[in-house]
> 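Before I ask anything, here is the structure I am working with.
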Amino acid sequence: MKNRNCILAALLFLAYAADTLAQSDKPLQQRTVAETLESWITHTETLVVPVADAMPEDKYSFAPPSTSGDFTGVRTFAQQLKHLAANNYRMATLILGGKPSAEMDNENGTDSARTKAEIMEYLKGSFEVLHKSVTTIDETNVVDPITSPSLWQKTRLSFAVDSVAHSMDHFGQLVEYLRMNGIVPPESRLKTHQGMNADKSGGFDPVSQTSTAALEERADPGAAFLDAPREKRAMQIFLKLVENRVVTAAEVMPANKYVFVPTEGEFNGVRSFGQQVKHLAATNHILAAAALEEEIPTGAGDEAGPETVRSKADILQYLKESFAHLGEAIAAIDSKNAAVKTSPISPLQGTAPTRLSLAVEALIHAFDHYGQMVEYLRMNGIVPPASRS
């Protein structure tokens with residue numbers, strides 16, 4: 001899980017570097033790196049805190065029971081939140097050049113927060129500290145190496161985006177916990193109320209969720225990070241790692257379980273496992289095609305995938321082809337064309353996205369649905385491959 005968080009962290013930053021590059025017909029005000037990271041932390045906070053608040057206090061001790069599948073050793077809802085908050089505090093401390101306390105290094109968080117009110121306060125406090133810490137980041141120190149116990153994270157930037165990525169990873173799991181208890185996640189209620197093309201899995205849908213106002217508020221840190229060859233190589237490596245996570249999860253689910261849909265809880269209208277995989281792949285194709293300014297492949301336009309793709313073997317092949325398509329899109333991106341506008345792929349986006357934003361949105365979307373797939377595996381008594389090591 002740590003590896004997955006690290007990968008998503010890097011992708012989230014690249015999403016910022018792309019999604020915020022001249023997305024309006026009017027010139028956007030130049031923002032600092034700190035303001036960019038701050039906006040992502042705010043966005044994440046507005047997703048996570050309502051989920052925490054939506055769960056009744058008597059359900060904070062909930063963990064999926066063994067009768068629901070293989071959930072041996074998983075965290076309770078409260079432990080998920082405390083773990084998430086502890087990591088926020090830890091990343092904020094590292095950004096500030098400090099040494100994390102034993103409590104921050106404890107993956108279960110503080111022992112003093114036990115009630116819902118106390119855990120909510122602990123959670124909100126962790127985001128408050130994150131907000132303050134990123135104000136110390138600027139263009140001169142954002143990628144300067146600093147002392148860190150991590151093997152790969154050595155910069156303020158990596159700590160900041162890790163906090164967002166880690167939070168979003170657990171957000172996906174918290175959403176599933178709500179549904180298991182018959183509660184529609186707040187974000188899904190909002191999108192349904194607004195008449196948006198809600199993500200049927202209950203997760204984050206980058207295509208349908210972006211509004212014109214949100215786009216205009218996003219910051220522009222510049223494309224300088226793409227000028228370094230190592231960044232280009234890193235992004236291509238991230239693609240392979242994301243692909244490996246998703247494909248191995250799809251491979252371990254038996255063919256007769258591709259029609260599986262959760263039933264114990266509020267899962268009305270959600271996708272089956274096979275539909276999750278096809279939707280993920282179709283979105284890969286849509287966003288890759290848009291980034292390359294190609295026609296969307298036949299059958300991918302409605303985000304459901306071709307009707308003719310039905311068997312496990314066919315779905316796996318379609319999935320692998322979609323990642324190959326993404327690889328082409330990423331390979332075609334450089335510092336000269338990363339910020340070039342393309343045609344909007346959804347009216348809700350309001351303005352034209354950039355090539356890089358489309359490619360990275362696809363990778364983030366894949367991670368979101370990977371989290372859903374993991375829960376589906378566990379519901380069927382299957383430990384996800386990434387959790388076995």
Side-chain angles (χ1 to χ4, degrees), residues 1-2 4-5 44-89 103 106-127 166-190 192 199-204 249 260-271 273 276 367-384 386-387:
M1 182 172 292
K2 283 291 184 183
R4 180 156 62 94
N5 291 339
T44 304
E45 182 178 11
T46 60
L47 291 176
V48 172
V49 172
V51 164
D53 195 38
M55 183 69 96
E57 182 164 17
D58 63 348
K59 294 293 186 179
Y60 260 53
S61 60
F62 171 81
S66 58
T67 54
S68 297
D70 194 329
F71 289 94
T72 303
V74 301
R75 295 182 176 92
T76 65
F77 188 86
Q79 289 170 338
Q80 289 261 15
L81 291 173
K82 290 171 64 175
H83 169 72
L84 185 162
N87 188 70
N88 283 354
Y89 280 113
E103 183 178 272
N106 181 357
E107 292 209 345
N108 293 322
T110 180
D111 291 330
S112 61
R114 298 182 180 182
T115 67
K116 175 178 177 177
E118 292 169 344
I119 293 172
M120 289 283 294
E121 182 179 1
Y122 181 59
L123 177 67
K124 292 176 181 178
S126 74
F127 280 109
H166 183 265
S167 295
M168 288 300 293
D169 176 36
H170 286 278
F171 167 74
Q173 298 178 51
L174 292 164
V175 161
E176 292 301 309
Y177 279 32
L178 285 183
R179 287 193 178 277
M180 290 178 190
N181 282 279
I183 301 170
V184 177
E187 182 67 12
S188 295
R189 296 178 218 160
L190 176 63
T192 300
D199 177 358
K200 295 180 181 179
S201 71
F204 181 73
F260 171 79
V261 176
T263 56
E264 297 181 10
E266 179 51 73
F267 289 96
N268 184 43
V270 301
R271 297 180 175 94
F273 185 87
Q276 286 263 15
F367 258 113
D368 175 55
H369 284 278
Y370 168 72
Q372 305 291 330
M373 292 164 63
V374 161
E375 295 300 318
Y376 279 33
L377 289 179
R378 286 193 178 277
M379 290 176 190
N380 282 279
I382 302 170
V383 177
S387 298

> Identify the heavy atoms of Gly125 and Tyr89 that sit nearest to each other, and give their distance.
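The answer is C-OH, 3.2 Å.
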
> Check the surroundings of atom CD in Glu103: do more than 12 heavy atoms from other residues, nucleotides or ligands lie under 6.0 Å from it?
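Yes, enclosed.
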
> Could you give the side-chain donor-acceptor pairs of residues 60-72 under 3.5 Å, partners two or more places apart or in another chain?
residue	atom	partner	partner atom	Å
Tyr60	OH	Ala52	O	2.6
Asp70	OD1	Thr72	N	3.4
Asp70	OD1	Thr72	OG1	3.3

> If only atom types and distance count, is the side chain of Lys116 paired as donor or acceptor with the main-chain N or O of Asp53 below 3.5 Å?
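Yes, the answer is positive, given that a donor and an acceptor are paired below the 3.5 Å cut-off.
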
> May I ask you to decide if the ring planes of His170 and His83 are parallel, tilted or perpendicular, using 30° and 60° as cut-offs?
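Rings of His170 and His83: perpendicular, as their planes differ by over 60°.
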
> Do Glu266 and Asn181 have side-chain heavy atoms sitting under 4.5 Å apart?
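Heavy-atom side-chain distance check fails, nothing below 4.5 Å.
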
> So do Met379 and Met180 actually touch side chain to side chain, heavy atoms under 4.5 Å?
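In short, these two side chains touch, coming nearer than 4.5 Å.
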
> Quick check: are there more than 12 heavy atoms from other residues, nucleotides or ligands sitting under 6.0 Å from CD of Glu118?
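Enclosed.
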
> Considering the options Arg75, Gln80, Gln372, which one meets the side-chain contact (heavy atoms from CB on, under 4.5 Å) requirement together with Gln173?
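Exactly one candidate clears the test, Gln80.
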
> Please report the closest heavy-atom contact between Gly109 and Tyr122, naming both atoms and the distance.
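Scanning both residues, the minimum pair turns out to be CA-OH, 3.7 Å.
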
> Glu45: which residues meet the side chain to side chain donor-acceptor pair (under 3.5 Å) condition with it, sequence neighbours left out?
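Counting only residues at least two positions away or on another chain, Glu45 forms a side chain to side chain donor-acceptor pair (under 3.5 Å) with His131.
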
> Rounded at 0.5 Å granularity, tell me how far OG in Ser126 sits from CG in Asn87.
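Here the rounded value is 9.0 Å.
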
> Which heavy atom of Leu47 sits nearest to which heavy atom of Phe171, and what is that distance?
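Between these two residues, the closest heavy atoms are O-CE1, 3.6 Å.
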
> Can you name the closest pair of heavy atoms from Ile183 and Ala54 and give their distance?
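Nearest heavy atoms, Ile183 then Ala54: CD1-O, 3.9 Å.
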
> Looking at OG1 of Thr115 and CD of Glu121, how far apart are the two atoms once the value is rounded to the nearest 0.5 Å?
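That separation rounds to 9.0 Å.
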
> Work out which heavy atom in Ile119 is nearest to a heavy atom in Ala113; give both atom names and the distance.
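Closest pair (atom of Ile119, atom of Ala113, distance): CG1-O, 3.9 Å.
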
> Does the side chain of Phe127 come within less than 4.5 Å of Leu84's, by heavy atoms?
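Yes, at least one pair of side-chain atoms sits under 4.5 Å.
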
> What are the two closest non-hydrogen atoms of Lys82 and Asp111, and how far apart are they?
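For Lys82 and Asp111, the tightest heavy-atom pair comes out as NZ-CA, 4.3 Å.
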
> Is the shortest heavy-atom distance from the side chain of Glu375 to the side chain of Pro262 under 4.5 Å?
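Side-chain contact under 4.5 Å: no.
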
> What orientation do Tyr376 and Phe260 show, parallel under 30°, tilted 30 to 60°, or perpendicular over 60°?
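Tyr376 vs Phe260 ring planes: perpendicular.
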
> What residues form a salt bridge (Lys or Arg N to Asp or Glu O under 4.0 Å) with Lys59, not counting sequence neighbours?
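Counting only residues at least two positions away or on another chain, Lys59 forms no salt bridge (Lys or Arg N to Asp or Glu O under 4.0 Å).
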
